[in-house]
Number of protein chains: 2
Amino acid sequence: MGQERTPVTHRAVEQVKAMIAQGEVGPGQRLPTERDLAVRLGVSRSSMREAIRALTTLGVLESRHGAGVYVTALRPSDLLETFSVLAEVSQGETLLEVLQVRRMLEPAATALAAARATPADLERVGDLLGRIDGGQDTLGTDTVSADLGFHQAIVASTGNATLAAVNEGLSSRTFNARVWAGHKEAGLAAKLREDHERIHEALTARDPDAARAAATVHVMRVERWLTAEGRAG
Amino acid sequence: MGQERTPVTHRAVEQVKAMIAQGEVGPGQRLPTERDLAVRLGVSRSSMREAIRALTTLGVLESRHGAGVYVTALRPSDLLETFSVLAEVSQGETLLEVLQVRRMLEPAATALAAARATPADLERVGDLLGRIDGGQDTLGTDTVSADLGFHQAIVASTGNATLAAVNEGLSSRTFNARVWAGHKEAGLAAKLREDHERIHEALTARDPDAARAAATVHVMRVERWLTAEGRAG
DNA sequence: GGGTTCATATTGGTCCGATCACTTTCGCAT
DNA sequence: ATGCGAAAGTGATCGGACCAATATGAACCC
C-alpha cells in the first residue's frame with residue numbers, strides 16, 4: 001500500500017537536519033561521535049558516514065579528523081560554497097547565462113556599496129585596484145586574483161553576506177583568467193582598467209547611480225567579449 | 001617537508017571531476033561500477049562511495065540502484081539544487097539578506113520576461129495567477145504552490161535557466177507559507193493580489209519598465225512585512 | 001515469429017569489524 | 001606549576017559479506 005521506500009542514508013541526513021532545526025545542536029557546536037550517531041539513528045556507521053559526507057558537502061557540517069563532527073556557522077558563505085561548481089563546470093550557453101545574472105546583480109550591488117561602504121571598505125577596494133595593474137606585463141595569478149578580489153570587496157561592502165556569497169559563486173577564477181588573457185591579446189586591458197577606475201571613483205564619490213552605470217558597462221563589456229570570442233568552453 | 005596530505009576521498013572526487021572535465025565521460029553517460037572505479041583510482045569501495053556521495057550531493061552525479069552511476073545533464077538546475085538549503089535554513093538577518101538579493105534579481109528578471117516571454121509562457125503565468133486566488137479561504141498548499149509557481153514561471157520566461165535556478169534557490173516554500181499566513185492575518189492578501197495582477201498586466205502588455213516597477217513593489221512589500229514581523233525564524 | 005515470464009547476472013545499498021592517523025586529554029616526572 | 005609523553009578518543013580507510021533493485025537473456029506460450 002503505497003509505502004515509501006526511502007534509503008537509509010537519506011533518512012539519516014534528514015534526522016541530522018532535524019536535530020539542527022530543532023536547536024538540539026547549534027552552529028559551531030559538536031555532534032555526537034559517528035559511532036554514537038549511527039547507533040542513535042539506527043544505521044550502520046558506513047551509512048552514517050555517507051550522510052555526514054553529504055551534509056559536509058552541503059556546508060552544514062564539518063568533520064575534523066581526530067576531533068569530531070561540528071555544525072558550521074551556517075553562514076551564507078558556508079552554505080553557498082558548493083555554488084561555485086556551476087561557474088567552474090559551465091561552458092558556452094550557460095556561461096552567458098551566468099554573466100547575464102551578474103549583469104543584474106553587480107550593478108545593483110555596486111550602487112548599494114556606494115551608499116554603504118565604510119572608509120575601511122573603500123581603502124581595501126582601492127588597494128586591490130592598484131594591485132590589478134601592478135604587474136601589468138606578468139599576468140600572473142596576481143592580476144586575476146586582484147581582479148576577483150576587487151569585485152568581491154565591492155560586493156562585500158554592501159554588508160550583505162548572502163549577496164556576497166551568491167556573487168562569488170557566479171565568479172569563476174578560470175573564467176576570469178581567460179578574459180584577462182583575451183583582453184591582453186586584443187589590447188583591451190586598458191578598457192578594463194578604465195572600467196575599474198570609473199567604478200572606484202563612483203564609490204569614493206558615493207554616487208550610486210554612477211556606480212550602477214559603471215558596473216553595468218563593465219559586465220556588458222565582458223559579456224560582449226565572450227559572445228565575440230566564440231563562446232567555447 | 002611541507003608535503004600535502006590530502007584525504008583519499010578528496011582525491012577520488014577530484015579525479016572523477018577530471019574525468020568529466022576531460023570529456024572521458026559526458027553528461028548523461030554512465031560511469032564504471034563503484035567497484036571498478038575504486039580499483040582504478042586505487043581506493044577502497046567505501047571511500048569511493050563517499051566520493052560518489054559528495055558528487056551526487058553537488059548534482060554532478062546520479063546513482064541508480066541496480067543500474068549504475070551516471071553523470072547528470074549538468075544543467076544549472078542540476079548544479080544549483082543544493083542551493084535551496086540556504087533559503088530553508090536561513091532565519092532572521094540572513095532571511096532579510098535573501099530578500100534583498102531577490103529585490104535585485106526579480107525586477108530585472110521580470111522586465112526581461114516582459115520582452116522575451118512567449119505566448120505559451122504568458123498563458124502559463126496567467127493560469128497560475130488564477131490559481132493563487134482560487135481557493136482564497138482554504139489557504140491550502142495550493143495557494144502557496146501557485147504563488148511560487150507564478151514567480152518561477154515568470155523567471156523561466158526569460159529563457160535563462162541559470163537565472164531561474166538561482167531565483168528558485170532563493171525562494172523558500174516554508175517562508176512563502178509564513179508570508180501568506182501573515183498576510184491573511186493582517187488582511188493584506190488583497191495587496192498581494194494587486195501586486196500579482198499588476199505584474200501580469202505588465203507582462204501581457206510587454207512593458208519592461210512597468211514589469212520592473214511592479215516586481216520591485218512586490219518584493220519590497222514582502223521585505224517590509226518581514227521587518228515589521230519581528231524577523232523571528 | 002512475437003511476446004511474456006522468470007531465472008540469473010549485474011550493480012548500487014547496507015552492514016560489520018578491523019586498523020590507521022590525527023587530536024585531545026591526562027598523568028607523570030621535572 | 002610546567003613540560004612532556006603515553007593513552008584514550010575520534011575520524012579515515014580498508015576489506016569483505018550480504019541485501020535490494022535493475023538489467024539481461026533464455027525458456028516458454030500463443
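As the structure is a prediction and not an experimental result, all values here were calculated from the model.
Protein atom CZ of B/R35 is 14 Å distant from nucleotide atom P of D/dG15, rounded to whole Å. As rounded to whole Å, 17 Å separates atom C1' of C/dG17 from atom CZ of B/R45. Rounded to whole Å, atom C1' of D/dT13 lies 16 Å from atom CD of B/E34.
Applying the side-chain contact (heavy atoms from CB on, under 4.5 Å) test to A/T57 and every residue at least two apart in sequence or in another chain returns A/R53, B/A54, B/T57, B/L58.
Of the charged side-chain nitrogens involved, at least one lies within less than 4.0 Å of a carboxylate oxygen, so that A/R75 and A/D78 count as a salt-bridged pair.
OP1 or OP2 of D/dT13 sits under 4.0 Å from a side-chain N or O of B/T9. In this model, the phosphate group of D/dT13 is not approached by any side-chain N or O of B/S46 to a distance below 4.0 Å at OP1 or OP2.
B/R45 places no side-chain N or O within donor-acceptor distance of the main-chain N or O of B/R35, the cut-off being under 3.5 Å. Side-chain atoms of A/T227 come within 3.5 Å of backbone N or O of A/E223 as a donor-acceptor pair.
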Exercise for the section: Evaluate the side chain to side chain contact (heavy atoms under 4.5 Å, CB included) criterion for residues B/H196 and B/H218: first the C-alpha distance (whole Å), next the side-chain angles of each, then the deciding distance (0.1 Å), finally the verdict. Expected result: CA-CA 8 Å; B/H196 289 150; B/H218 182 59; 3.4 Å; yes

Problem - side chain to side chain contact (heavy atoms under 4.5 Å, CB included) between B/L61 and B/I20, worked out - result: CA-CA 10 Å; B/L61 298 185; B/I20 298 175; 4.2 Å; yes

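The base of C/dC15 is not paired with the side chain of A/S47 by any donor and acceptor separated by under 3.5 Å.
Contacts with DNA chain D (heavy atom under 4.0 Å) in residues 48-68 of chain A: A/R49, A/S63, A/R64, A/H65, A/G66, A/A67, A/G68, listed by number.
Mapping B/R30 and A/H10 onto DNA chain C by nearest heavy atom places B/R30 closer to the 5' end of the strand.
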